[in-house]
There are 2 protein chains.
Amino acid sequence: MNGTNHGHAEDPAAALRQTSLRVTKQRVAVLEAVRDHPHADTESVIRSVRGSLPTVSHQAVYDSLHTLTEVGLLRCIQPSGSVARYERRIGDNHHHLVCRSCGLIVDVDCTVGHAPCLVPSHDAGFRVEAAEVTFWGLCPDCADSGSAADTDRLASSV
Amino acid sequence: MNGTNHGHAEDPAAALRQTSLRVTKQRVAVLEAVRDHPHADTESVIRSVRGSLPTVSHQAVYDSLHTLTEVGLLRCIQPSGSVARYERRIGDNHHHLVCRSCGLIVDVDCTVGHAPCLVPSHDAGFRVEAAEVTFWGLCPDCADSGSAADTDRLASSV
DNA sequence: TGCTTCTTTTGAATCAGTCAAGGAAAGAGC
DNA sequence: GCTCTTTCCTTGACTGATTCAAAAGAAGCA
């Protein structure tokens with residue numbers, strides 16, 4: 001539950017320095033934003049970053065998110081029908097529970113054990129590198145309220 | 001491997017009739033297009049449908065894809081970074097292998113057995129209805145050619 | 001400090017997908 | 001086969017997320 005990355009999970013600047021990336025306040029702010037809002041979409045990250053840096057361009061945030069994802073400091077997830085979302089918990093092969101109704105995303109630990117936690121029944125010659133698991137359902141709140149209306153819509157999409 | 005749906009896998013018109021949907025040539029053509037091009041994106045479906053119906057609007061195809069997905073005749077999948085793709089193999093809880101390099105998608109049967117084939121380690125109070133598994137890797141072709149260049153890019157995104 | 005290279009800003013463009021209104025066609029009943 | 005009602009398709013404009021490109025600005029090395 002503590003720093004899973006390379007021992008720098010809590011210090012964005014240090015994390016950046018360990019890569020060959022320049023340490024800019026924009027990138028630090030993006031890392032902090034994602035740390036503070038797990039599974040945030042780009043829009044939320046921009047809003048959050050502008051809390052400390054009111055003038056950042058959306059482009060800078062897009063660039064940062066891409067770059068940081070590329071070097072492995074962030075992970076990008078995109079459940080069907082959702083925009084890109086980012087998280088800092090990387091390298092532990094965890095998966096996600098997604099609410100079909102409100103879009104809430106919650107982490108779940110690997111179903112079986114260690115990565116790769118799953119092996120396809122046949123791999124069609126692929127060099128398989130990772131398994132990504134998304135559990136679809138209803139979060140507690142949505143399951144309680146309006147479960148009838150939702151259930152209809154859901155039956156068909158499974 | 002044969003008709004998995006309700007015994008009408010090969011006859012689009014019959015499949016439509018079993019739902020309460022009207023049998024229009026546009027919908028039949030969309031079903032045929034997806035049957036003939038599994039995992040096709042909307043753009044490809046449009047192109048394919050226009051082979052037999054040169055004047056269909058893209059809107060008609062979008063509508064048909066949505067409607068057919070809603071009634072369960074199609075399934076929509078959207079691997080991260082990809083546009084929506086559709087397939088007709090439904091109800092058998094199979095999963096997908098996706099090539100990170102060229103985007104090729106291949107079906108794989110359910111890893112463990114029957115649906116729901118996976119149960120999260122803890123469900124955070126969710127009412128879990130389905131597990132979607134995506135295996136990421138390199139298809140045989142991409143693994144052969146230019147594997148060095150790709151490997152770099154990939155190492156970071158797992 | 002000065003220089004080089006990488007980043008960010010600015011502003012416009014692209015692309016998938018959606019909205020809305022009117023015309024067209026499917027299917028039910030006669 | 002004909003008519004009516006309801007559902008579906010066409011047209012054309014629009015939205016929202018993301019990307020492109022050029023020029024200005026900062027980071028880090030010598």
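A, B, ... follow the sequence lines: proteins, then strands. Residue 1 opens every chain.
- Contacts between residues 57-67 of chain A and DNA chain D, defined by a heavy-atom separation below 4.0 Å, involve His58(A), Gln59(A), Tyr62(A), His66(A), listed by number.
- Separating the CD atom in Gln18(B) from the CG atom in Asp11(B) is a distance of 9.5 Å, to the nearest 0.5 Å.
- In this structure, Glu70(A) CD and Leu21(A) CG are separated by 9.0 Å, a value rounded to the nearest 0.5 Å.
- Here chain A contacts DNA chain D (any atom closer than 4.0 Å to a heavy atom, that is under 4.0 Å), and the contacts span dA17(D) to dG28(D) from 5' to 3'.
- Taken to the nearest 0.5 Å, the OG atom of Ser80(A) stands 9.0 Å off from the CZ atom of Arg75(B).
- For the atom pair Leu104(B) CG and Cys142(B) SG, the distance stands at 8.0 Å (nearest 0.5 Å).
- In summary, the side chains of His94(A) and Asp109(A) do not present any donor paired with an acceptor at a separation below 3.5 Å, with no hydrogens or angles considered.
- Among residue pairs with one or both ends in residues 42-53 of chain B, those qualifying as side-chain hydrogen bond (donor to acceptor under 3.5 Å, both in side chains) are Asp41(B)-Ser44(B); sequence neighbours excluded.
- For the atom pair Leu31(A) CG and Tyr86(A) OH, the distance stands at 12.5 Å (nearest 0.5 Å).
- With no hydrogens or angles considered, no side-chain donor-acceptor pair links Asp107(B) and His95(B) at under 3.5 Å.
- For the atom pair His39(A) NE2 and Glu87(A) CD, the distance stands at 4.0 Å (nearest 0.5 Å).
- Note on residues 56-67 of chain B: pairs passing side-chain hydrogen bond (donor to acceptor under 3.5 Å, both in side chains), not counting sequence neighbours, are Gln59(B)-Asp63(B).
- If you walk DNA chain C from 5' to 3' and mark each nucleotide with an atom closer than 4.0 Å to a heavy atom of chain A, the marks span dT5(C) to dG11(C).
- Considering only heavy atoms from C-beta on, His96(A) stays 4.5 Å or farther from Phe135(A) through its side chain.
- When each of Val34(B), Leu73(B), Thr19(B) is checked for a side-chain contact (heavy atoms from CB on, under 4.5 Å) with Leu68(B), only Leu73(B) meets the rule.
- The stretch residues 19-32 of chain B comes close to DNA chain D through Leu21(B), Arg22(B), Thr24(B), Gln26(B), Arg27(B), each having a heavy atom under 4.0 Å from the strand.
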